[in-house]
> 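One structure follows; several queries about it will come next.
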Amino acid sequence: MTTHESRVFSGVQPTGNLHLGNYLGAITKFVALQESHECLYCVVDLHAITVWQEPAGLEHNIREVTATFIASGIDPKAHIIFNQSRVSGHAELAWILNCVARMGWLNRMTQFKEKAGKHRENASVGLFSYPNLMAADILLYRATHVPVGDDQKQHLELSRDIAQKFNSDFAKSIAAHGFDETFFPLPEPLITGPATRVMSLRDGTAKMSKSDPSDMTRINLMDDAETIAKKFRKARTDPEPLPGEEAGLKDRPEAENLVGIYAALAGVPRASVLQEFGGGQFSRFKEALTEVAVEKLAPVSAETKRLMDDPAHIDAILSDGAARAHAIADPILRQTKQVIGLLTD
Ligand code: AQP
């Protein structure tokens with residue numbers, strides 16, 4: 001039995017090139033959840049520095065992710081937007097969780113393997129322990145729901161394992177202090193909708209990604225209409241026309257990806273996209289796709305640009321958000337320390 005109220009936490013790294021995958025897989029979900037939950041949306045700058053970032057670029061990117069959150073429809077007054085490094089509890093709890101998580105668990109994380117690649121020995125220790133910081137982000141607020149793209153599923157499962165191990169390792173102390181036995185609730189991943197994994201425009205088997213060296217693989221949220229049209233026009237497809245039904249998308253990852261993107265942007269089921277465009281040429285479908293993408297993204301990029309003209313306003317929002325995040329996090333961190341046996345003020 002848990003007595004914890006429902007609370008949403010999620011984050012986006014300020015590593016530049018925010019793309020359609022981040023938007024459809026995460027940010028649009030953040031916006032929708034505001035109606036039903038108390039939400040904290042974090043610009044996870046401490047995650048970003050697990051890979052070297054140029055300092056002036058990092059400052060810019062922290063503000064740009066913040067501006068994009070607001071431009072997409074997140075209300076920083078009703079909910080909390082802040083940057084992670086401003087709330088020191090993230091780093092403190094991450095250290096504690098470094099001592100709870102097991103090496104074997106982290107060794108199984110596929111994202112580290114993909115990102116470190118052949119240069120594992122040269123990867124930062126932070127990149128390896130990244131999932132523990134992510135667990136700390138969530139547990140620091142006793143968040144119950146975490147909207148993420150499909151690529152974060154394994155990290156979310158690890159967060160649940162860490163929460164469970166903490167609750168069990170310290171069960172006696174948790175009870176002795178009179179705290180709820182589910183001291184940390186096990187966070188539920190929210191991975192739903194037609195675009196939980198948006199794929200590269202050049203390779204339907206690879207994830208659309210900020211760090212892909214080719215800009216043609218992704219639609220950046222700041223791309224103008226002409227660039228969006230060019231990228232969709234040049235997006236890889238196969239020689240067959242679009243099928244009229246779902247079954248016809250089997251083994252056609254590029255076609256499936258574009259149909260999923262259209263469905264998510266237009267807010268319609270994939271089946272109705274296929275009904276409308278099935279049997280037709282890709283070129284016509286790509287034109288319609290460009291139209292719906294520009295219609296959705298142009299207002300977001302215009303508003304992001306407008307907000308970026310006033311960095312002091314963005315900084316004030318982050319500072320206010322951090323103060324409110326602190327107010328939730330501080331007592332939870334204090335209780336965590338007490339449970340472990342660390343003396344606190
Ligand atoms: N291709 C994607 N499709 C759907 N969702 C995605 N997300 C990322 N890529 C896709 C989701 O966006 C949120 C923020 O991601 P992040 O900033 O933590 O970065 P990431 O998951 O490591 O992926 P990126 O943005 O493409 O960066 P790189 O190039 O570094 O891998 C998360 O909820 C993520 O699931």
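In what follows, residues are counted from 1 in the order of the sequence shown. In listed order, ligands and their atoms are each counted from 1.
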> Short question: side chain of Lys210, backbone of Gly16 - any donor-acceptor pair under 3.5 Å?
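Side chain of Lys210 to backbone of Gly16: no pair is present.
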> Taking Ser173's backbone N and O only, do any of them form a donor-acceptor pair with His177's side chain (distance below 3.5 Å, no angle check)?
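Side chain of His177 to backbone of Ser173: a pair is present.
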> Any sub-3.5 Å donor-acceptor pair from Glu254's side-chain atoms to Arg236's backbone N or O?
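No, because the side chain of Glu254 does not come within donor-acceptor range (under 3.5 Å) of the backbone of Arg236.
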> Can you list everything that forms a salt bridge (charged side-chain N to carboxylate O under 4.0 Å, His left out) with Arg252? Sequence neighbours excluded, please.
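Once residues adjacent in sequence are excluded, the partners of Arg252 under the salt bridge (charged side-chain N to carboxylate O under 4.0 Å, His left out) criterion are Asp238.
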> Has Lys29 got a side-chain atom pairing as donor or acceptor with Thr192's backbone, closer than 3.5 angstrom?
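Present.
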> Taking the basic N atoms (NZ, or NE/NH1/NH2) and the acidic carboxylate oxygens, is any pair closer than 4.0 Å for Asp223 and Lys231?
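Salt bridge between Asp223 and Lys231, a charged N being under 4.0 Å from a carboxylate O: yes.
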> Quick check for students: name every N or O atom pair between ligand 1 and the protein closer than 3.5 Å, with distances.
residue: ligand 1; atom: 1 (N); partner: Val198; partner atom: O; Å: 2.8
residue: ligand 1; atom: 1 (N); partner: Met208; partner atom: O; Å: 2.9
residue: ligand 1; atom: 3 (N); partner: Val198; partner atom: N; Å: 2.8
residue: ligand 1; atom: 5 (N); partner: Gly21; partner atom: O; Å: 3.1
residue: ligand 1; atom: 9 (N); partner: Lys207; partner atom: NZ; Å: 3.2
residue: ligand 1; atom: 12 (O); partner: Asn22; partner atom: ND2; Å: 3.1
residue: ligand 1; atom: 15 (O); partner: Asn22; partner atom: ND2; Å: 3.4
residue: ligand 1; atom: 17 (O); partner: Gln13; partner atom: N; Å: 2.9
residue: ligand 1; atom: 17 (O); partner: Lys210; partner atom: NZ; Å: 2.5
residue: ligand 1; atom: 19 (O); partner: Lys210; partner atom: NZ; Å: 3.4
residue: ligand 1; atom: 21 (O); partner: Asp151; partner atom: OD2; Å: 2.6
residue: ligand 1; atom: 21 (O); partner: Gln152; partner atom: NE2; Å: 3.1
residue: ligand 1; atom: 22 (O); partner: Lys115; partner atom: NZ; Å: 3.0
residue: ligand 1; atom: 23 (O); partner: Lys207; partner atom: NZ; Å: 2.7
residue: ligand 1; atom: 25 (O); partner: His19; partner atom: NE2; Å: 3.4
residue: ligand 1; atom: 25 (O); partner: Asn22; partner atom: ND2; Å: 2.9
residue: ligand 1; atom: 25 (O); partner: Lys210; partner atom: NZ; Å: 3.1
residue: ligand 1; atom: 26 (O); partner: His19; partner atom: NE2; Å: 3.1
residue: ligand 1; atom: 26 (O); partner: Lys207; partner atom: NZ; Å: 3.2
residue: ligand 1; atom: 26 (O); partner: Lys210; partner atom: N; Å: 3.1
residue: ligand 1; atom: 29 (O); partner: Ser209; partner atom: OG; Å: 2.5
residue: ligand 1; atom: 29 (O); partner: Lys210; partner atom: N; Å: 3.1
residue: ligand 1; atom: 29 (O); partner: Ser211; partner atom: N; Å: 2.8
residue: ligand 1; atom: 29 (O); partner: Ser211; partner atom: OG; Å: 2.5
residue: ligand 1; atom: 30 (O); partner: Lys115; partner atom: NZ; Å: 2.9
residue: ligand 1; atom: 31 (O); partner: Lys115; partner atom: NZ; Å: 3.2
residue: ligand 1; atom: 33 (O); partner: Gly149; partner atom: N; Å: 3.2
residue: ligand 1; atom: 35 (O); partner: Gly149; partner atom: N; Å: 2.8
residue: ligand 1; atom: 35 (O); partner: Asp151; partner atom: OD1; Å: 2.4

